[in-house]
4 protein chains.
Amino acid sequence: MPKPVLREATDALVRMTRTTICGTDLHILKGDLPAVAAGRILGHEGIGVIEEVGTGVSHFHKDDRVLISCITACGKCEYCRRGMPSHCGQGGWILGNTIDGTQAEFVRIPFADTSLYPIPKDADEDAMVMLSDILPTGYECGVLNGAVKPGDTVAIIGAGPVGLSALLTTQFFAPANLIVIDLDDNRLAVAKKFGATAVINSTDGKTVEKVMAMTSGKGVDVAIEAVGMAATFGLCQEIIGAGGHIANIGVHGASVMLHLEKLWSQNITITTRLVDAVTTPLLLKTVMAGRLQPKQLITHHFTLTDIIKAYDTFANAGRQHALKVILTNE
Amino acid sequence: MPKPVLREATDALVRMTRTTICGTDLHILKGDLPAVAAGRILGHEGIGVIEEVGTGVSHFHKDDRVLISCITACGKCEYCRRGMPSHCGQGGWILGNTIDGTQAEFVRIPFADTSLYPIPKDADEDAMVMLSDILPTGYECGVLNGAVKPGDTVAIIGAGPVGLSALLTTQFFAPANLIVIDLDDNRLAVAKKFGATAVINSTDGKTVEKVMAMTSGKGVDVAIEAVGMAATFGLCQEIIGAGGHIANIGVHGASVMLHLEKLWSQNITITTRLVDAVTTPLLLKTVMAGRLQPKQLITHHFTLTDIIKAYDTFANAGRQHALKVILTNE
Amino acid sequence: MPKPVLREATDALVRMTRTTICGTDLHILKGDLPAVAAGRILGHEGIGVIEEVGTGVSHFHKDDRVLISCITACGKCEYCRRGMPSHCGQGGWILGNTIDGTQAEFVRIPFADTSLYPIPKDADEDAMVMLSDILPTGYECGVLNGAVKPGDTVAIIGAGPVGLSALLTTQFFAPANLIVIDLDDNRLAVAKKFGATAVINSTDGKTVEKVMAMTSGKGVDVAIEAVGMAATFGLCQEIIGAGGHIANIGVHGASVMLHLEKLWSQNITITTRLVDAVTTPLLLKTVMAGRLQPKQLITHHFTLTDIIKAYDTFANAGRQHALKVILTNE
Amino acid sequence: MPKPVLREATDALVRMTRTTICGTDLHILKGDLPAVAAGRILGHEGIGVIEEVGTGVSHFHKDDRVLISCITACGKCEYCRRGMPSHCGQGGWILGNTIDGTQAEFVRIPFADTSLYPIPKDADEDAMVMLSDILPTGYECGVLNGAVKPGDTVAIIGAGPVGLSALLTTQFFAPANLIVIDLDDNRLAVAKKFGATAVINSTDGKTVEKVMAMTSGKGVDVAIEAVGMAATFGLCQEIIGAGGHIANIGVHGASVMLHLEKLWSQNITITTRLVDAVTTPLLLKTVMAGRLQPKQLITHHFTLTDIIKAYDTFANAGRQHALKVILTNE
């Protein structure tokens, strides 16, 4: 691949040192996102070192170590000003989507001043990669949108990397009960290790009655959907208590039934969100303070030259007991 | 009908002076709510004069003029303490539902201290009746749940009494644009008078494109559903802008399609709520201050003895140009 | 004065068409802000036309009509990202303070993309000038910080331009009672016209007992301090009700007594704020929608060449019945 | 002392099993609260068993184990409905103040249904006593009013039982840095054990520069005042960062200087609060879930008959290394 070049005064060129693979990348490869052009370099996560900056970049300089946000933010438009750069007119999720991404030696980052973060000197580099996308996604779309409060009973449906990110960051708010639901016993064992107070393997179809038994029949305060299927969103509707929040994180490919005939009177809040990654500075502080340990999410390491093997491992995550894989370029 | 008697220490007996008919009462008569026993006295709104109080009632006394809340609140249970008496274990919406209601000479009010409000001396009695249900419903389920902010563009779907109540109270928050959508030109004319900045008759099926034209293609900040049908809830999903709120007020009899394949990334909040009527004291203040004029909602007056005629008028609201009817007992 | 030139890629050069004088400008002239260098061009408000933009400016172009914010925001630093550009490391209130200001033919605006706003085509130009500083100040420091809610009783101490701006924008939230307190009967008459439900001339020293009489002895929900003196801040402490908010807008030159021996148990919130002007887009929408009429604040017009006369009028505001003066450059 | 009797239908009579002593009790004994009548039984904390209930009590019955709230709530008045029972017209802090308190064999509890909480079967009884006052006080007045957020830097001034309660409950919100400041090295050692990330003995007068060094000169996000003196409130003003919150918990006997000449532009929020104890149910859940371990606060046990010795120990807390003492009556 030819080395990318600066196009706008606000661009930076970053030499990648570590990146990773996201479930979305697999969707792209399968052809689920036909808008992504053939030949596009994938990847919207990672860290690196600034190689060059445009004349309009003031906060970063050559040789700075930086964290790349999965969301590119112009910092000026209506949506950026509303704290919603996921809908930035010129940015949003464009890396590895409408422009070349981070699974490469170099990447061009538009609007560098508002789309990169400096990496503290003593930071663990693997941990930093988790801050590009997966942790802000679990935290913003799941925990913040779910409005988790101390003492709450929270159910997380789906114990993949995103669900587990929600699980880790939900604990910022001291919920009393943290129920994780999945079909994979290995992932549920991981969830236990990550702080779940109860886990349910939903294979037997008795999840609703189990959750109701755990909640004296009231249902949960917060249900976080981290799968993206009709069945799991349906489950959220069945286990949510009166006054509860359903926070959708999952990427859905089809419409779902919303049971308003039951829910209209249940004082429910349902939220959706494409991650804005505006909480990255906050999450960085909690990592540096040791309140959050993102390295737990990393199960495999590869060099960038072994990227095919890395995709293979990640695509067979269940069999490989894989969560996040790190690709290094050093 | 025999005069009701006190059953619990916390009961009050109220002599009704004014009541009204709610759309829900029509649903009951049609048999849509089979749980309502035959012979039940309907009605969950109105004002009256205290005839007698139980020994556990401390805030009200014989001859006090009182406003009856549609929601009975024990004031002690978990849900009442969370500000959600709609789900009170012993209360909630029980008047004219599981116990006899207000369309009578007398009504027994359980938990009187937390389910009645004193009526200020110089209050207009007709206006007060609108505070039992319809105004808190529009305000809590529509305006507060919709999180209307100054400068917002708000669409209200449905210009019946509830939609109009949302229209009146939405203006507490200085929205820039207030679009009301209905099939009835008469109701839309009323909406204009009540403060709508634009009205759309949705008969022609071009509502979505009209709203998009009004909003530079961005959609609205808040969509308030005040009908309770799949089509109108679907319309809300089509006109909502990124980051917007859909506040459902309508009573739905069937499931609806939720277009998560589009909305998952749109940072949308959808809310449902059975009115809690916890904002009644606040609304009372705004009425007494002249900021809210509920009398506009009243189109017809009948005596309680003419209740059949009143139901007839209200059931044919379109033809009769009826909004709320007052039934007096004096 | 020589015409300023662009210094940074993110600068814009604006030809002023209208500006105004702020109370702060008078303080500078009196020497109260010694940090302001001699010879500094004053002024941090106004509108104009873009003359030239730097290479890093992407949202504005030559000949665009623009509103100048009193707060310059880099849009990138920690404080800008927190929505608090008043404390921007490279910006904040610098116009007419640490760099030359708007009371001139031309002004250089740093970080133009995040410190200017486009003016809608059909906007009233005089009204727009009020959005540079005074309306965001009243709204953000007074109304938002005061957390005014529908039905509240709000007292505004000080009926100068800032207090009146708070008075206008407080009405976005439908307070039941709006008490304005000042020493000047003329200004109180203006307050009445602007929506005050009661006014108190505090000359007689009976303000506290009058407010208590108006509030059944409970005190007010929100007290907005728009003067900046120990006596007026003290008054706020005397009239605030339990659970109330004291929102300070005034610029204070000295410490004040805080009566914690009384207030420690009163569940009070006290706030201070240098305006961030982050609500300018919202206020612009309410002006364009006709919900806010800023022109009411303007009492005098001068040409920029008559600036001495303008200062003279504004400095004798009481005698001249002056609120805001417009300086035109056309 | 004669056994108290029921006076109102809403009263309960509780046989005390465990109580404790509060700093306020010492103030009363010293004569600092002259409103407390001579001979008054002190104490507003504790747990016990219901001996008898009035006819208006519906949620509790003879032999129920109950937690007594330090705040008595009628549940009906304006303040109770606003979630502020500390200012309840007939309740508030009355136990051991205007009516006899809990340091006795029996206590009469007015408005029992809304002033008592059921104790879960497997709860630790000592831990429960901490939920009557000290934990809600630290949590509501310090943590909630301070608006602690994940990643924040929080300073707690005063490491007595209330400051330590704030320290424990602040950790519900995952602050990055938790600085505790006191004059007593023993208490600072306890603070370290309870989760402080840094402690400062302020004896040397260099606290401000130390905090500034720890925060890159920015100051803290939240300062919690848990002492109640002019010097400590002054310290909060010196270390608070722009945009920060000062949450006062301390009981102040005198006015303090508020440095508005510096703070007017610093976007500061200052709060005061008499505990409302409305978070007791939430705190109970976190205790039962093991997220909060209140027993750490208990250093000594006495029988109720040894109350003199208990007061002696508590009054010499520094020398005795005492935090909270438990008085048992069994």
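Here is the naming used below: chain letters follow the sequence lines, and residue numbers restart at 1 for every chain. Model, not experiment: these values are computed from the prediction.
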| Test item: B:Thr153 side-chain N/O and B:Val220 main-chain N/O as donor-acceptor pair under 3.5 Å | no
Can [X] and [Y] be counted as having a side-chain donor-acceptor contact under 3.5 angstrom?
X        : Y        : answer
C:Asp113 : C:Ser58  : yes
C:His44  : C:Asp133 : yes
C:Glu140 : C:Thr279 : yes
B:Asp276 : B:Ser86  : yes

| said: Would you say NZ of B:Lys210 has more than 12 non-hydrogen atoms from neighbouring residues, nucleotides or ligands within 6.0 angstrom? | reply: yes
| said: Does C:Lys62 have more than 12 heavy atoms from other residues, nucleotides or ligands lying within 6.0 Å of its NZ? | reply: yes
| message | Is B:Thr197 in contact with chain C via its backbone, its side chain, both, or neither, using a 4.5 Å heavy-atom distance? | response | side chain
| message | Sort by residue number and list every residue of residues 159-179 of chain C having at least one heavy atom under 4.5 Å from chain B. | response | C:Gln171, C:Phe172, C:Phe173, C:Ala174, C:Pro175, C:Ala176, C:Leu178
| task | May I ask you to name which of B:Lys285, B:Arg291, B:Met288, B:Lys149 has the most heavy-atom pairs under 4.5 Å with chain C? | result | B:Arg291
| note | Counting heavy-atom pairs under 4.5 Å with chain B, the top scorer among C:Asp152, C:Val287, C:Thr286, C:Leu282 is C:Leu282
